[in-house]
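Because the structure is a prediction, the values reported are computed rather than measured.
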Amino acid sequence: MLAIEELKDGWMGKAGAKMLLIVKFDQSIKGDGYILKPQSIQAATPVGLLYGAFDYLRRQKVGEDLHVTSNPSYQRRILNHWDNLNGTIERGYAGSSIFWRNEKQAPTVTEADRKLWREYARANASVGINGAVLNNVNASPIILSDDYLNKVKEVADVLRPYGMRVYLSVNFASPMVLGKLATADPLAPGVINWWKDKANEIYKAIPDFGGFLVKANSEGQPGPQDYKRTHVDGANMLADVLQPHGGIVMWRAFVYSASDKDRAKQAYEEFMPFDGRFRDNVIIQVKNGPIDFQPREPFSPLFGAMKKTSVMPEFQITKEYLGENIHLVYLGTLWEEALKSDTYQQGKGSTVARCTDGSLYPQQYTAIAGVANIGLDANWCGSNFDQANWYAYGRLAWDNQLTATQIADEWVKLTFSPDQTTAGDSKWQNGFLKPVTAMMMKSREAMVNYEMPLGLHHIFAADRHYGPGPWYAPKKVRVDWTPPYYHKAGADGIGFDRTSKGTAAVNQYQQTVADEFDNLKTCPEKYLLWFHHLPWTYQVASGRTLWDEICYRYQDGLQSVKEFQKTWDSLRPFVDEQRFEEVQSKLQRQYHDAQVYKDGCLLYFQTFSKMPFPPGCEKPIYTLDYLESIDPFTMEKFPASNGGQ
Ligand code: GCU
């Protein structure tokens, strides 16, 4: 049994100790939860025992209490791999896909693949992740061909012992592309039959197949609207097909049209009218914020508002907008902030966590998704510190009440302390653990400051979403893909007016929250320019003008990265050379990038504010001309660490 193997392998207690592993239901156990005692692990399922064993070992190593009952917050704790069938990964920064490679003929499976997938499944089980969508949401219909389904079955067979199910992203037009039907209309009998046959075929090979993830009528993907049908028609058709097999449909709410309508409002407008009309085995998968995985966003107004529909949060582990695998940004704080956001939909305390985990609304299925940052790189994630984000996602999916601090503390101990004694040693704790966790805890706020403080968002250079591009606005690009649409900087000020006098996006929130965001006096400063368009001379809480505050924030973000560098440099004695150097060189690049961000944004905004940099805000070292000359698509000149002027 896997739980026994893990305990034998990782045991850090007394030699010869006897452990009792009990598979027996107990009223206090939910799903794959478990009860730990110093001499026993009890669970209702074998995979529950495995989770219990991993938790036991973790507690031994970090020195935590061995008396605990632990139950998962969500039934389905899923990774979404945006892996293409040619082996590339959309927004992937850790090498090629662990599932797919560019193959001319039918995809193959080797022993090395199986070994890697086993390691992958084991790592996931160690943090409680129990599902994986194996392919990109921008899905190729080919994934449903016989050859590819054979490989999916192979993956499922390896993942199963670790309690992981496989899921697939499906392309809504598959019946046309693969089945050669004339339509993919979800109400057409031929189309329904095609999907039925496909589901039968899948479940014959993979009896515990999890279900489908669907990106429909979003960013050019096909969907039911192509046939004048609705999201309900599309989702329910697939749900009915999967229902006899126990499968679910995760239907994404990431939709917005090519228009100058406030993008932040569109998902809510499109989905709310359908509340209560989706089948029980449909879950609407909602990104944490209303736009798109920005360094900071308020929560999506769909959370808690859809009261008769199952809803699941989607987080992004891969840092598309947060410095890829280069910047050190710990996401535990971002997700904690999102999960703890209070929607007020059922009174105070109606957090996003509680609105999605079944505690406030009855949901037949509860789930959470994280867009994976995993690839073939030896460290899986493209950087050492990005492993913390995979870990943190799993921990929060298991227990959505954990704090980011606690998770960071665990991760640093598990990752860097050579043994149990060291983890408890005060020299190590003060010398390494404290400074590193402090750096992690500050890292996301630092990025918000040097990239887009005070509620600014989406001011990235086009497409790659890495460098700054507040000026980027070619006529041929749709306006909602250009930063000026989001920051609205002009002579009169900066920020997106989403108040009741502007686009009225605030009104999509419950009244208490709507009032809070609408009113300048109560709107949290972190969301100020998300909801308000304000003059450069507006006085913020610190007493400074808005312009000065923006300058200080960028300066502060840059300064924080300098401090991270100093902190890390002082930690050399505690880390092996390889990891030390990797982190050190990435921090160097991060500092350079933060400087580019600060200079680019401030110089550009200054062309409107016409105000001087306040004392304490260092003069830019680059010129606006130089920064604007960088090709936003290739970003080729951007990496130059000594470039400039
Ligand atoms: C973002 C991202 C795309 C992705 C999309 C999605 O827009 O840049 O690469 O396909 O989100 O979540 O569907």
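Checking T366, I284, I283 one by one against S310, the side-chain contact (heavy atoms from CB on, under 4.5 Å) holds for a single residue, I283. Paired with Q285 under the rule side-chain contact (heavy atoms from CB on, under 4.5 Å), one option of V214, V249, L213 passes, and it is L213.
Across every non-hydrogen atom of Y393 and I368, the tightest pair is OH-O, 3.0 Å. Nearest heavy atom pair, residue L328 against residue V583, reads CD1-CG1, 4.3 Å. Between M447 and G323, the closest heavy-atom pair is CE-N, 3.9 Å. Here the shortest heavy-atom pairing between W11 and A17 reads CZ2-CB, 3.6 Å. When every heavy atom of I29 is checked against every heavy atom of Y34, the shortest pair comes out as CG2-N, 4.4 Å. Nearest heavy atoms, A199 versus V241: CB-CG1, 3.5 Å.
Under a 4.0 Å N-O distance rule, the pair E154/R114 qualifies as a salt bridge. Ion pairing of D386 with K586 is absent here, as no side-chain N (NZ or NE/NH1/NH2) approaches a carboxylate O to less than 4.0 Å. One finds no salt bridge joining K8 and E5 here, because no Lys/Arg side-chain nitrogen approaches an Asp/Glu carboxylate oxygen to under 4.0 Å. Ion pairing between K198 and E201 holds under the 4.0 Å rule for side-chain N and carboxylate O. Ion pairing between a basic and an acidic side chain is recognised when a charged N comes within 4.0 Å of a carboxylate O; R296 and E445 show such pairing. Electrostatic pairing of D399 and R395 does not count as a salt bridge here, judged by no charged N lying under 4.0 Å from a carboxylate O.
Using modelled atom types, one finds a donor on one side chain and an acceptor on the other under 3.5 Å when comparing N400 with D357. N84 and T88 form a side-chain donor-acceptor contact under 3.5 Å, judged by distance and modelled atom types alone. Judged by distance alone, the side chains of N171 and S174 never bring a donor and an acceptor atom under 3.5 Å apart. Looking at Q401 and S73, their side chains never bring a donor and an acceptor atom within 3.5 Å of each other. In the model, D147 has no side-chain atom that pairs as donor or acceptor with a side-chain atom of S145 under 3.5 Å. Using modelled atom types and a 3.5 Å distance limit, the side chains of Y321 and D292 yield a donor-acceptor pair. For the residue pair Q346 / Y361, a side-chain donor-acceptor distance below 3.5 Å is found, with atom types taken as modelled. Using modelled atom types and a 3.5 Å distance limit, the side chains of N138 and K215 yield a donor-acceptor pair. Side chains of D275 and T309: a donor on one and an acceptor on the other come within 3.5 Å.
At least one donor-acceptor pair under 3.5 Å links the side chain of D342 to the backbone N or O of Y344. With hydrogens and angles disregarded, a donor-acceptor distance shorter than 3.5 Å links the side chain of S443 to the backbone of Y330. With N71 contributing its side chain and S28 its backbone, the two residues share a donor-acceptor pair below 3.5 Å. Side chain of N281 to main chain of A239: a donor-acceptor pair is present (N/O by atom type, distance under 3.5 Å, no hydrogens or angles). With Y56 contributing its side chain and Q39 its backbone, the two residues share no donor-acceptor pair below 3.5 Å. Using a distance-only test at 3.5 Å, with no hydrogens or angles considered, no donor-acceptor pair links the side chain of S417 to the main chain of L414. In terms of modelled atom types and a separation under 3.5 Å, the side chain of Q60 and the main chain of M12 share a donor-acceptor contact. Looking at N236, its side chain does come within 3.5 Å of a backbone N or O of R277 through a donor-acceptor pair. Under the 3.5 Å distance criterion, the side-chain polar atoms of R354 are matched with a main-chain donor or acceptor of G349. Counting only distance, with no hydrogens or angles, the side chain of R77 and the backbone of Q75 share a donor-acceptor pair below 3.5 Å.
Aromatic rings from F385 and W568 are positioned such that their centres are separated by under 6.0 Å. In this structure, W380 has its ring center at least 6.0 angstrom away from the ring center of Y391.
In the displayed structure, E577 atom CD is contacted under 6.0 Å by more than 12 heavy atoms of other residues, nucleotides or ligands. Residue-environment remark: NZ (K30) exceeds the threshold of 12 foreign heavy atoms within 6.0 Å. The environment of K307 atom NZ is dense: over 12 non-hydrogen atoms of other residues, nucleotides or ligands sit within 6.0 angstrom. Taking a 6.0 Å sphere around NZ of K340, one finds it holds more than 12 heavy atoms contributed by other residues, nucleotides or ligands.
Residues forming a side chain to side chain contact (heavy atoms under 4.5 Å, CB included) with T356 (at least two apart in sequence, or on another chain): Y74, F303, V311, P313. With sequence neighbours excluded, no residue forms a ring pair (Phe, Tyr, Trp, His ring centres under 6.0 Å) with F278.
Counting only heavy atoms from C-beta outward, the side chains of F293 and L322 never approach each other to under 4.5 Å. Counting heavy atoms from C-beta outward, V412 and F432 have side chains that approach closer than 4.5 Å. In this structure, the side chains of F99 and V166 stay at 4.5 Å or more apart for every pair of heavy atoms. Residues I98 and L376 meet the side-chain proximity criterion, which asks for heavy atoms closer than 4.5 Å. Side-chain contact between K413 and K61 is absent, with no heavy-atom pair separated by less than 4.5 Å. Between M312 and R76 the shortest side-chain heavy-atom distance does not fall below 4.5 Å. Residues F271 and W251 meet the side-chain proximity criterion, which asks for heavy atoms closer than 4.5 Å. The closest side-chain heavy-atom distance from R160 to P207 is below 4.5 Å.
Under the 30°/60° scheme for interplanar angles, the aromatic rings of Y203 and H245 are found to lie parallel. Ring orientation note: the planes of F416 and W411 are nearly perpendicular, at an angle over 60° on the 30°/60° scale. Using the six-membered ring where Trp is involved, F172 and W195 have ring planes that are tilted, between 30° and 60° apart. Aromatic ring orientation, F209 versus Y167: tilted (interplanar angle from 30° to 60°). Relative orientation of the W100 and Y148 rings is tilted, given thresholds of 30° and 60° on the angle between their planes.
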| message | With side-chain contact (heavy atoms from CB on, under 4.5 Å) as the criterion, how do R101 and T108 come out once you've worked through the C-alpha distance, each side chain's angles and the decisive distance to 0.1 Å? | response | CA-CA 9 Å; R101 52 186 159 248; T108 51; 3.4 Å; yes
| field | side-chain contact (heavy atoms from CB on, under 4.5 Å) between L149 and L168, intermediate numbers included | value | CA-CA 10 Å; L149 286 179; L168 292 177; 3.8 Å; yes
| task | Verify side-chain contact (heavy atoms from CB on, under 4.5 Å) between E314 and M250, making sure each step is shown before the conclusion. | result | CA-CA 11 Å; E314 177 180 323; M250 295 164 289; over 6 Å; no
| field | Chi angles and distances behind the side-chain contact (heavy atoms from CB on, under 4.5 Å) call for K151, V109 | value | CA-CA 7 Å; K151 185 157 179 181; V109 179; 3.9 Å; yes
| request: Given side chain to side chain donor-acceptor pair (under 3.5 Å), test T45 with D32 step by step and report yes or no. | output: CA-CA 6 Å; T45 60; D32 290 323; 2.7 Å; yes
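Within the model, atoms CD1 of I41 and CD1 of I35 stand 11.5 Å from one another, a figure rounded to the nearest 0.5 Å.
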